[in-house]
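First the structure, in the form of structure tokens, and then the observations on it.
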Amino acid sequence: MSEPPGHACGVFGVYAPGQSVAHLAYLGLFALQHRGQESAGIAVSDGETITVVKDMGLVTQVFDERRLAPLQGHLAIGHNRYSTTGSSSWRNAQPVYRSVGDAGFALGHNGNLTNVLELSDALGMLPGMLEPELGLDSTTDSALVAELIAHEYPPEPRSDGRDLELALERVLPRLRGGFSFVLLDDARLIGVRDEHGFWPLVLGRIEAGWVLASESAALDIVGAHYVRDVEPGEMVVIDASGIRSHHYAPPTPKLCLFEFVYFSRPDTNLYGKSVHLARQRMGEELARQAPVAADMVMPIPESGIPAAQGFARASGIPYGDGLVKNRYVGRTFIEPTHQLRGAGVRLKLNPLPENIRGKRLIVVDDSIVRGTTTRQVVAMLREAGAAEVHFRVSSPPYRWPCFYGMDTGRRSELLAADLSVGEIRDYLGVDSLAYLDLDRLVAATGADGEAFCTACLTGDYLVPVPEADTKLALESPPEPIAELDGFAPTSAET
Ligand code: AMP
């Protein structure tokens, strides 16, 4: 069974009395569009009523002035989604809203939980029976979390209004896997990261209040300044009395290394390091590790640009453009079907024959996942007259599926899963191929080498992966692990 590829989502939150929080959330989501293009949504509270607007599509397709204007309030959360758990449909759009008695809350989730079956068991639910049994409006693990939270609400509303916080304190330690959450109730904005901090979440300050965002670049766009990362295992609560922090688990930071390689915007900082500069250093390292005589270093735009710049700088070989990217086409990789992805490559990239013809090219990209794009690009370059194509990848072979929030498909869909570098070279039709070594990649980030999840590159799953594939596990009976195409977890829980 082939599933749609997925992507870490984007989340945003703002607490700013007197400001148009819906417009700020809109801008924040727009800045985070690259993290999810399937659906977008905003929930706003005015202190009494929570209103959610969400739909399939890009942020600019879902929201216009007509839809934003009625979203009045002093706090808001927003979410861009690409499906990880659950199928691609309207009812899986986020934020998820859940009413509890006269109250309610909304939740936006970036990540994927690995213990959904255990959690749904605890609620007395069977996979595939969630909706009829409990009336959930969504099949995502995020809706399950909302359900768990609702179950932990105090029976009587608390006089201090901290019901959601209290419920979260009970639920969070039970969750496994990857999650950066933004939540709101009538009066509070809450941000949470899992104990490993697989996915980023930062706290920012604007004049009138506070902002939470998946990436620091989104803070820049709404005029907020970076305060700090929400820590792994931390819940921050923002309300009229200010900001407070609760640590529900000791932090063991393991940020997704692929945030540095590909996901994050280049103008984002991770672990206090510029992603753009890190990617350039990756290219420099690659030039030192795998040099080759050539006439021009060119990127696969846009993802390969900083690494190609670094490669050219370190090798002394001129940098040039060999492909033009249509600026209005999104990332082909996250189109929901294989067929669409195939068509997308030609829509997206077109060669510049005058720059390519007769040249020995070093072509640099950040990663090869399925190989679909790369193979077509190589064929286009050859057609356009390249004399030689030497492919250089600024990360190691992508061999293992991610279970914590980035759905690159099953193991069998990953080009490098069972092929050697020589076999991949032949499949792609290139003259030479090299991938950046893991230790060089980690060094290029400039961050602490221990503080990364590298499961997709090493198979080292820090949090045990589910016995059954969690993807769609809430919709249909789980498949046994044996069907995961030779998938074999190699590490135990820390
Ligand atoms: P392919 O040759 O089809 O594996 O596509 C490789 C391209 O996908 C590279 O340009 C990468 O920048 C990009 N890519 C890598 N990881 C992801 C991801 N998780 N989501 C979307 N695109 C990705």
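One-based numbering along the sequence shown. One-based numbering, in listed order, for ligands and for the atoms of each.
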Where ligand 1 meets Thr373 - atom numbers and elements under 4.0 angstrom, heavy-atom basis: 1 (P), 2 (O), 3 (O), 5 (O)

Distance-only N or O hit between ligand 1 and Phe263, under 3.5 Å: no

For ligand 1, is there an atom lying under 4.0 Å from some heavy atom of Ile300? no

Output the list of atoms in ligand 1 that are nearer than 4.0 Å to some heavy atom of Met406, sorted by atom number. 19 (N)

Aromatic contact, Phe198 with Phe403 (centres under 6.0 Å): no

For Thr372, the ligand 1 atoms with a heavy-atom partner under 4.0 Å come out as 1 (P), 2 (O), 3 (O)

Ligand-residue contact atoms, ligand 1 with Gly371, heavy atoms, under 4.0 Å: 1 (P), 2 (O), 3 (O), 4 (O)

Go through Glu285 and Arg288 one step at a time and tell me if the salt bridge (charged side-chain N to carboxylate O under 4.0 Å, His left out) criterion holds. CA-CA 5 Å; Glu285 286 292 320; Arg288 285 181 207 115; 3.0 Å; yes

Flag the pair Arg360 and Asp431 as a salt bridge only when some basic side-chain nitrogen lies within less than 4.0 angstrom of an acidic carboxylate oxygen. no

Taking the six-membered ring of Phe391 (Phe, Tyr or Trp), confirm whether the NZ or CZ of Arg425 is under 6.0 Å from its centre and within 45° of its axis. no

Winner among Ser303, Cys402, Pro301, Ser367 once heavy atoms are compared against atom 15 (C) of ligand 1: Ser367

Any atom of ligand 1 sitting under 4.0 Å from a heavy atom of Phe258? yes

What residues form a side chain to side chain contact (heavy atoms under 4.5 Å, CB included) with Met235, not counting sequence neighbours? Glu165, Leu168, Glu169, Leu172, Ile190, Val192, Val237, His246

Decide, yes or no, whether a salt bridge links Arg35 with Glu259 under the criterion of side-chain N to carboxylate O below 4.0 Å. yes

Below a 4.0 angstrom heavy-atom separation, can you tell me which part of Asp366, side chain or backbone, both or neither, approaches ligand 1? side chain

Side chain or backbone, does Asp365 bring an N or O within less than 3.5 Å of an N or O on ligand 1? yes

For Leu441, which of Leu286, Thr454, Leu457 qualifies under side-chain contact (heavy atoms from CB on, under 4.5 Å)? Leu457

